[in-house]
2 protein chains.
Amino acid sequence: MITREADYGIRVLLLLARRERAGQGGESSVAIAEEMDIPYRFLRKLVKRMVAGRLLTSRRGKGGGLELARPAGRITLYDILEIMGPAGTRLSQCVATPGACRRAGTCRVHRVIGTIQTSVDRQLRAANLESLVD
Amino acid sequence: MITREADYGIRVLLLLARRERAGQGGESSVAIAEEMDIPYRFLRKLVKRMVAGRLLTSRRGKGGGLELARPAGRITLYDILEIMGPAGTRLSQCVATPGACRRAGTCRVHRVIGTIQTSVDRQLRAANLESLVD
DNA sequence: TCAAATGCTACCAATTGCGTATCAAATAAC
DNA sequence: GTTATTTGATACGCAATTGGTAGCATTTGA
């Protein structure tokens, strides 16, 4: 399951992508929280994560705020989910952590799940913010 | 994430499918726990769930035990996961629970995730126990 | 110097995951 | 009909995760 934190994250990035496309530049956490109806403190926490994960850049002090760290076309759902909670789109521990399972080589279930996981990842990588902006 | 409980569940069903194919009939929880190295009490709990979910039938008393409720070819990974923890393969609340999200109609993220979820489900439905037995 | 903004750490309640424990009921074999 | 074997039901416990909240430090533009 994609967590609420990850979901908020995606939407915050989308908002910034939209603003960027409109030539409006960055925005502050307070403003974003207000605009998107996300609890300010919670937003601050997840923004920190996205800054650390190099999805966003931040500028402190008056007039500061947040911006996309790179063009919207180069940020995919995969990137975002990988940083905001990779477990959300991992189907199985067995496949996620190589070596977690001794039967990995022979088990057919493992093979099937692995194939599905690969297809999920591929589709998430194909979805970038630019294509998701209205 | 597929939970350990669901994973055990799949493997227990696979064991029974293998025995059935070999014409060996059902087996008791004690024997299965021993054979598969699953904590007995924990196995009992998940077996109960699979009986309630009509994946297994049980017979109490001496000589009793467990059997597949229907032919292995008609039990899919989707069926099993649906009963043993549907959250494990659900990508998003937003898509899993219709009406959980007001933007469901217009949101592009929702659309992308929905498409991926559909493809996951299709692949899980295509994998039945018979095809997974060695 | 002051206000506006992020950085950092820590806390809290509810839920979930992974088991464990206890007793009741059914049933086959003797 | 007693006994051993087997499932049924309920409930408890501990650790990790999720979704927030709170407080203080630091940076920076005006």
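Worth knowing before you read on, the calculation uses all heavy atoms, side chains too, and leaves out hydrogens, waters and symmetry mates. Each chain gets a letter, A, B and so on, in the order its sequence line appears, and its residues count up from 1.
Between B/M50 and B/V12, some side-chain heavy-atom pair lies under the 4.5 Å cut-off. You'll find the side chain of A/I116 reaches within 4.5 Å of the side chain of A/V112, heavy atoms only. Considering only heavy atoms from C-beta on, B/T76 stays 4.5 Å or farther from B/L124 through its side chain.
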Trace of the side-chain contact (heavy atoms from CB on, under 4.5 Å) decision for A/L56 with A/L68: CA-CA 5 Å; A/L56 290 178; A/L68 295 186; 4.1 Å; yes

A/S119/B/Q123 under side chain to side chain donor-acceptor pair (under 3.5 Å): CA gap, chis, key distance, verdict: CA-CA 10 Å; A/S119 111; B/Q123 294 179 76; 3.3 Å; yes

Working for side chain to side chain donor-acceptor pair (under 3.5 Å), residues B/T118 and B/D121: CA-CA 5 Å; B/T118 301; B/D121 290 349; 5.9 Å; no

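Atom pair B/F42:CZ and D/dG13:C1' shows a separation of 14 Å (rounding to whole Å applied). Atom C1' of nucleotide D/dG8 and atom CZ of B/R59 are separated by 16 Å, given to the nearest angstrom. In this structure, A/M1 atom CE and D/dG19 atom P are separated by 10 Å, rounded to whole Å. Note: CG (B/L43) to P (D/dT6) measures 13 Å, nearest angstrom. As rounded to whole Å, 5 Å separates atom C1' of D/dT27 from atom CZ of A/R60.
When the local axes at the two ends of the helix from C/dT1-D/dA30 to C/dC30-D/dG1 are compared, using 5 base pairs at each end, they differ in direction by 10° after rounding to 10°.
Within the model, atoms CZ of B/R4 and CG of B/L46 stand 12.0 Å from one another, a figure rounded to the nearest 0.5 Å. Going from atom CD1 of A/I2 over to atom CD1 of A/I80 covers 10.0 Å, rounded to the nearest 0.5 Å. Note: A/R108 CZ to B/L14 CG = 10.0 Å, rounded to the nearest 0.5 Å. Atom-to-atom distance recorded for B/C94:SG and A/I10:CD1 is 9.5 Å, nearest 0.5 angstrom.
Listed by chain and residue number, A/D134 satisfy the salt bridge (Lys or Arg N to Asp or Glu O under 4.0 Å) test with A/R18 (two or more places apart in sequence, or in another chain). Among residues two or more places apart in sequence or in another chain, the side-chain contact (heavy atoms from CB on, under 4.5 Å) test is passed with A/E27 by A/L15, A/L16, A/R19, A/A31, A/I32, A/E35. Shown here are the ring pair (Phe, Tyr, Trp, His ring centres under 6.0 Å) partners of A/F42, two or more places apart in sequence or in another chain: A/Y8.
Residues of residues 23-37 of chain A having a heavy atom closer than 4.0 Å to DNA chain C, listed by number: A/S28, A/S29. Residues from residues 80-94 of chain B with heavy atoms under 4.0 angstrom of DNA chain D: there are none. Near DNA chain C, meaning a heavy atom under 4.0 Å away, the residues from residues 44-57 of chain B are B/K45. In the region residues 13-22 of chain B, proximity to DNA chain C at under 4.0 angstrom, judged on heavy atoms, holds for none of the residues.
Residue B/K62 is the one, among A/I2 and B/K62, whose nearest nucleotide of DNA chain D lies closer to the 5' end (criterion: closest heavy atom).
Here the closest non-hydrogen pair linking A/Q93 and B/M1 is N-SD, 3.4 Å. The two atoms that bring A/I113 and A/S92 nearest to each other are CG2-CB, 3.9 Å, heavy atoms only.
Residue pairs meeting the ring-ring contact (aromatic ring centres under 6.0 Å, His included) criterion with at least one partner in residues 55-92 of chain B, sequence neighbours excluded, do not occur; the list is empty. Judged as a side chain to side chain donor-acceptor pair (under 3.5 Å), the pairs with a partner in residues 48-66 of chain A (not counting sequence neighbours) are, in order, A/E5-A/R49. Sorted by first then second residue, the ring-ring contact (aromatic ring centres under 6.0 Å, His included) pairs that include residues 102-125 of chain A, not counting sequence neighbours, number zero.
Between chain A and DNA chain C, the heavy-atom contact criterion of under 4.0 Å yields a 5' to 3' nucleotide range of C/dA4 to C/dT9.
Within 4.0 Å (heavy atoms only), A/R41 reaches at least one base atom of the nucleic acid.
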